[in-house]
Amino acid sequence: MVQYLKAGCVFALTGLLFFGIKNTAYAEEVTPAGYHVYDVQDTEVSDTWYGIGRGNYLQVGITKLSHGKKGYALCDGYTMAHFDCDRVYLRIYLDESDNGTDGWGTVDYWTGIAYNDAVATMECDPYKITSGKYYRAKGVHSVTQDGYTETTTTCTDALLF
């Protein structure tokens with residue numbers, strides 16, 4: 001029994017050692033302080049995140065979803081840094097639901113990346129949707145500078161198509 005306890009302790013300590021070493025190999029990633037402003041119209045919804053920290057890199061993240069031509073949705077978004085950074089990133093996910101409150105599933109996504117710039121943008125082509133279903137857009141926004149990454153997410157309200 002003592003042998004098993006000793007072996008278990010050795011494995012646990014080894015795991016902690018490797019876990020600590022593994023985590024130090026990655027760039028530091030934080031979610032800076034900020035707030036969301038949601039806009040809901042009949043044919044367009046958006047979520048805008050504003051960073052409130054001074055001296056950080058990530059300034060604004062915006063995700064929008066709107067009606068296009070009949071039977072189509074339009075998604076767009078922006079990630080803005082305070083100044084030109086190594087990498088500015090944006091990914092927008094289009095989610096679908098039958099009732100607009102739960103059962104969300106991602107139907108497609110789009111990515112925008114800018115290097116040595118302050119803004120990454122993305123605008124999808126008109127996306128064919130199913131009439132009578134609810135859709136929302138989720139955004140992932142990040143800015144990386146000198147191995148340090150700040151990231152946040154946005155998510156619009158549901159929009160009936």
Side-chain angles (χ1 to χ4, degrees), residues 11-41 43-68 72-97 100-129 134-159 161:
F11 284 124
L13 288 174
T14 304
L16 286 174
L17 257 176
F18 282 122
F19 180 72
I21 292 168
K22 182 179 177 184
N23 281 344
T24 58
Y26 291 103
E28 185 176 357
E29 186 172 315
V30 298
T31 299
Y35 63 95
H36 293 265
V37 175
Y38 299 93
D39 186 24
V40 179
Q41 306 292 326
T43 61
E44 180 179 283
V45 290
S46 67
D47 178 7
T48 303
W49 176 89
Y50 296 98
I52 59 173
R54 294 183 59 165
N56 61 355
Y57 303 112
L58 183 58
Q59 183 178 19
V60 176
I62 303 170
T63 300
K64 293 181 184 178
L65 171 65
S66 61
H67 286 269
Y72 289 88
L74 300 172
C75 296
D76 65 280
Y78 309 87
T79 301
M80 296 175 223
H82 286 288
F83 54 85
D84 288 356
C85 291
D86 296 338
R87 180 176 174 254
V88 183
Y89 176 88
L90 165 67
R91 177 166 283 173
I92 303 289
Y93 296 90
L94 180 63
D95 293 344
E96 178 185 77
S97 169
T101 57
D102 58 12
W104 292 101
T106 299
V107 294
D108 211 341
Y109 66 91
W110 302 269
T111 305
I113 302 174
Y115 297 97
N116 300 313
D117 205 340
V119 179
T121 63
M122 189 289 312
E123 185 175 319
C124 76
D125 290 331
Y127 188 85
K128 180 78 171 143
I129 51 89
Y134 289 85
Y135 290 85
R136 72 178 180 191
K138 293 187 301 186
V140 177
H141 312 269
S142 70
V143 174
T144 302
Q145 179 66 26
D146 298 327
Y148 180 83
T149 300
E150 293 180 343
T151 186
T152 194
T153 59
T154 53
C155 186
T156 70
D157 285 356
L159 188 60
F161 279 81

Checklist line | Audit row: Asp39, Thr48, side-chain contact (heavy atoms from CB on, under 4.5 Å) steps and yes/no | finding: CA-CA 8 Å; Asp39 186 24; Thr48 303; over 6 Å; no
Note to self: Before you tell me yes or no, could you show the steps for Ser66 and Thr43 under side-chain contact (heavy atoms from CB on, under 4.5 Å), namely the whole-Å CA-CA distance, both residues' side-chain angles and the distance that decides it to 0.1 Å?
What the structure shows: CA-CA 6 Å; Ser66 61; Thr43 61; 5.8 Å; no
Next item on the list: Return yes if some donor-acceptor pair links the side-chain N/O of Asp47 with the main-chain N/O of Thr63 below 3.5 Å, else return no.
Entry: no
Next item on the list: Please report the C-alpha distance between Val119 and Val88 in whole Å, then the side-chain angles of each, then the deciding distance to 0.1 Å, and finally whether the side-chain contact (heavy atoms from CB on, under 4.5 Å) criterion is met.
Entry: CA-CA 6 Å; Val119 179; Val88 183; 5.8 Å; no
Item checked: Close side-chain approach of Leu74 to Pro126, heavy-atom, < 4.5 Å -> yes
Next item on the list: With rounding to the nearest 0.5 Å, note down the distance linking NZ in Lys138 to CG in Leu65.
Entry: 13.0 Å
Next item on the list: Spell out, as yes or no, whether a donor-acceptor pair under 3.5 Å connects the side chain of Thr79 to the backbone of Ala120.
Entry: no
Check: Can you find a heavy atom in the side chain of Ile62 that is under 4.5 Å from one in the side chain of Met80?
Finding: yes
Notebook entry, point to check: Do the side chain of Asp76 and the main chain of Met122 share a donor and acceptor less than 3.5 angstrom apart?
Noted result: no
Check: Looking only at atom types and distance, does a side-chain atom of Thr153 sit under 3.5 Å from a main-chain N or O of Gly139, one as donor and one as acceptor?
Finding: no
Checklist line | Spacing of Asp86 atom CG and Thr149 atom OG1 [to the nearest 0.5 Å] | finding: 9.0 Å
Next item on the list: Please tell me if the side chains of Val37 and Tyr50 come closer than 4.5 Å, counting only heavy atoms from C-beta onward.
Entry: yes
Checklist line | Residue pairs fulfilling side chain to side chain donor-acceptor pair (under 3.5 Å) with at least one residue in residues 105-123, sequence neighbours excluded | finding: Arg91-Thr111, Asp95-Thr106
Notebook entry, point to check: Phe161 and Tyr72: aromatic ring centres closer than 6.0 Å?
Noted result: no
Check: With a 4.5 Å heavy-atom cut-off, do Val30 and Tyr148 have their side chains touching?
Finding: yes
Next item on the list: Could you walk me through whether His82 and Val143 pass side-chain contact (heavy atoms from CB on, under 4.5 Å), step by step?
Entry: CA-CA 10 Å; His82 286 288; Val143 174; over 6 Å; no
Check: Minimum heavy-atom separation for Gln59 to Ala81, with atom names?
Finding: OE1-O, 3.3 Å
Checklist line | Nearest-0.5 Å distance that lies between atom CD1 in Ile92 and atom SG in Cys75 | finding: 7.0 Å
Note to self: Using side-chain heavy atoms (C-beta onward) and a distance below 4.5 Å, is Pro32 in contact with Trp49?
What the structure shows: yes
Checklist line | OH on Tyr35 to CD1 on Ile52, rounded to 0.5 Å | finding: 8.0 Å
Notebook entry, point to check: Is there side-chain contact between Arg136 and Tyr134, with at least one heavy-atom pair below 4.5 Å?
Noted result: no
Checklist line | Heavy-atom closest contact (Asp84 atom, Ala118 atom, distance) | finding: OD1-N, 3.3 Å
Note to self: Looking at every non-hydrogen atom in both residues, tell me the closest pair between Asp102 and Ser97 and how far apart they are.
What the structure shows: O-OG, 2.6 Å
Item checked: Partner residues of Glu96 under the side chain to side chain contact (heavy atoms under 4.5 Å, CB included) criterion, sequence neighbours left out -> Val107, Thr130, Lys133, Tyr135
Item checked: Donor-acceptor under 3.5 Å (Thr156 side chain, Ala137 main chain) -> yes
